[in-house]
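Written out below as structure tokens is the structure these notes cover.
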Amino acid sequence: MSLFLGIDASTQSVKCIVIDCDSGRIAAESSVNFGRDLPQYASPNGFLRNENPLIRHADPLMWLDALELAFRRLADSGIRLSAVRGVSGSGQQHGTVYLSEKISSLQSDDSLADQIRPNLSRSSAPIWMDRSTSAECRELDAHFGERLRSDTGSPAVERFSGPQIRRFSREEPEAYRRTGRIHLVSSFLCSVLCGSDAPIDFGDGAGMNLLNLNTLHWDAEIAEFTAPGLEKKLPPVLPSATVAGGLDPYFAKYGFVPGIPVVVWSGDNPNSLVGVGAAEPGCIGISLGTSDTLFAPMRNFKTDPDGCGHVFGNPAGGFMSLICFSNGSLAREKIKETLGVSWEFFDRDACAQTRPGNGGRLILPYFEPESTPLVLSPRVRRNYREASPAEEVRALLESQALSLRLHSEWLGESVRRIRLTGGASASEGFRQILADVFQADVETISVTNSAGLGAAMRAANAVEGIPFEKLSSQFCRPEKIVSPDSGLRCLYDDLLERFREFEKHFLFS
């Protein structure tokens with residue numbers, strides 16, 4: 001068997017997935033939920049309770065205990081882990097782990113948590129949900145202006161690692177001084193697997209406001225302004241196909257062969273791009289969750305002129321975009337509850353009872369602050385006064401699809417296929433609307449752990465040179481394909497222009 005292991009260390013869990021590249025099947029899986037399986041960490045949602053709702057930190061030792069438990073469960077599943085030829089992983093993006101010194105070889109007698117605990121210079125790790133760094137973001141933007149976005153791919157973002165590090169260095173200068181190495185979640189766990197210091201890959205490194213994507217090196221000026229001596233505390237940054245080292249002998253207790261290649265980990269979004277089979281230009285991925293997220297490969301590095309889209313490294317080569325729409329399923333659930341209708345009506349009947357274009361009805365559904373476009377306070381605006389429940393549902397779905405298309409125009413790519421994931425991908429009506437608005441095939445896939453699958457595929461590609469195209473055909477086959485109605489192209493082109501003007505008027509009036 002040609003087995004490869006992918007590990008996904010997400011906000012609320014650690015999951016393992018083993019793929020068999022000979023048969024093209026998933027050979028084994030395991031998972032550990034922090035709240036259910038590790039209640040001693042008091043982090044049911046993946047983070048520690050804090051009186052300040054803007055602060056979201058996690059205990060990095062929890063991730064280590066979860067990793068060991070996930071390995072035990074994987075071994076208990078009956079899979080022959082000695083047949084695994086390589087491993088890689090996915091970490092929740094932007095989180096930072098602070099160590100006194102670089103990780104060195106592990107001891108077989110002690111748990112990972114017991115061995116790493118004395119090396120932590122900061123007991124908790126700020127994660128992507130942390131929004132306590134608005135002051136630091138303002139300082140970074142004021143000092144570097146447009147250069148921050150044009151060189152790092154994003155303006156200063158509260159959730160990003162650079163502002164997190166800046167806040168730590170100022171509020172706890174002595175602890176920062178004692179810190180010899182600052183890792184991302186991905187590079188920290190990769191280092192643990194290797195028993196030695198691992199690099200950060202271009203995909204995850206781009207989510208820090210520190211990596212210059214024009215040079216693919218840490219930006220010395222930005223790093224030094226962020227925190228004194230920061231560049232020396234960061235691991236090297238290298239391509240995603242880099243082998244970080246061999247698996248430490250510690251993990252032989254679970255059945256792995258020591259020394260198998262550990263491919264540098266990446267972030268959850270870059271891994272998901274690979275895991276949904278959307279790593280090649282012409283295909284985009286859309287995840288329909290609490291927030292809707294559009295991610296797509298890019299041939300060349302360029303930035304969103306509106307500052308909403310972010311640019312990361314693409315593990316398959318080149319770059320990728322990520323555009324987050326905060327009012328995704330959140331807005332869909334709000335409209336459903338307000339109308340008092342069933343999900344069956346919302347997902348199927350409403351669109352069947354209305355016509356494409358919906359009489360030009362449009363809605364800006366900002367029930368919560370919105371990321372794309374940037375709207376700081378909740379506000380909902382409609383361009384109509386009356387609508388039946390079915391018309392209201394179609395107005396929302398068409399407006400969300402038009403917003404996805406409008407705010408991805410800067411990519412400059414012709415979209416042929418959309419890989420659709422997330423809970424709302426089950427909506428028949430929304431799938432058809434997306435196909436018609438983008439004039440592209442919409443494909444739903446069975447992948448549930450796309451980040452872990454992408455990590456396993458990356459390991460297979462880096463270790464054995466299996467092309468991503470072949471891996472995608474094996475593990476990312478579409479279950480359903482919805483084709484667009486070509487006769488609606490002009491209708492939705494016209495409606496897109498109306499939506500553009502409607503949104504512009506809202507933002508600037």
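A quick note: this is a predicted structure, and the numbers were derived from the prediction, not measured. No hydrogens, no waters, no symmetry mates; every other heavy atom, side chains included, goes into these values.
Between the side chains of Gln432 and Asp436, at least one donor N or O lies within less than 3.5 Å of an accepting N or O. A side-chain donor from one of Ser326 and Ser371 sits under 3.5 Å from a side-chain acceptor of the other. Under 3.5 Å, the side chains of Gln93 and His310 contain no donor-acceptor pair of N or O atoms.
A pairwise comparison of heavy atoms in Gly275 and Met457 identifies CA-SD, 4.2 Å as the closest pair. Taking each heavy atom of Ala455 and Ser90 in turn, the nearest pair found is CB-N, 4.2 Å. What you find for Arg405 and Asp493 is that their closest heavy atoms are NH2-OD1, 2.8 Å. Nearest approach of Ser403 to Phe325, heavy atoms of both residues: OG-CE2, 3.5 Å. For the residue pair Ser425 and Thr444, the shortest heavy atom distance occurs at O-CG2, 3.9 Å. When every heavy atom of Ser266 is checked against every heavy atom of Gly203, the shortest pair comes out as OG-CA, 3.9 Å.
For Glu386, the CD atom counts as loosely surrounded, since its 6.0 Å shell holds 12 or fewer non-hydrogen atoms of other residues, nucleotides or ligands. Within 6.0 Å of the CH2 atom in Trp218, the count of heavy atoms belonging to other residues, nucleotides or ligands exceeds 12. The number of heavy-atom neighbours closer than 6.0 Å to NZ of Lys334, taken from other residues, nucleotides and ligands shown, is 12 or below.
Counting only distance, with no hydrogens or angles, the side chain of Ser291 and the backbone of Cys324 share no donor-acceptor pair below 3.5 Å. In this structure a side-chain-to-backbone donor-acceptor pair under 3.5 Å is missing from Arg131 to Arg56. Between the side chain of Ser329 and the backbone N or O of Gly289 there is at least one donor-acceptor pair closer than 3.5 Å. Looking only at distances, a side-chain donor or acceptor of Ser88 sits under 3.5 Å from a matching main-chain atom of Val264. Without hydrogens or angle criteria, Asp130 side chain to Glu158 main chain gives no donor-acceptor distance under 3.5 Å. Side chain of Asp151 to main chain of Asn214: no donor-acceptor pair is present (N/O by atom type, distance under 3.5 Å, no hydrogens or angles). Side-chain atoms of Ser124 never come within 3.5 Å of backbone atoms of Ala58 as a donor-acceptor pair (strictly under, hydrogens ignored). Arg419 contributes a side-chain N or O that, together with a main-chain N or O of Val276, makes up a donor-acceptor pair within less than 3.5 Å. When atom types are taken as modelled, the side chain of Ser187 and the backbone of His183 share no donor-acceptor pair closer than 3.5 angstrom. Arg167 places a side-chain N or O within donor-acceptor distance of the main-chain N or O of Ser132, the cut-off being under 3.5 Å.
Classified by interplanar angle (parallel below 30°, tilted 30° to 60°, perpendicular above 60°), the ring pair Trp343/Phe346 is perpendicular.
A salt bridge links Arg332 with Asp292: the distance from a Lys NZ or Arg NE/NH1/NH2 to an Asp or Glu carboxylate oxygen falls below 4.0 Å. Between Arg498 and Glu501 no salt bridge is recorded (no basic side-chain N to carboxylate O distance below 4.0 Å). Using a 4.0 Å cut-off between a side-chain N of Lys or Arg and a carboxylate O of Asp or Glu, Arg382 and Glu392 qualify as a salt bridge.
Between Thr421 and Ser287, the closest side-chain pair of non-hydrogen atoms falls below 4.5 Å.
For the pair Arg122 and Tyr176, the NZ or CZ position fails the cation-pi test of under 6.0 Å to the six-membered ring centre and within 45 degrees of the ring normal.
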Problem - From CA spacing to verdict: side-chain contact (heavy atoms from CB on, under 4.5 Å), Tyr98, Ile165 - result: CA-CA 9 Å; Tyr98 301 78; Ile165 295 169; 3.5 Å; yes
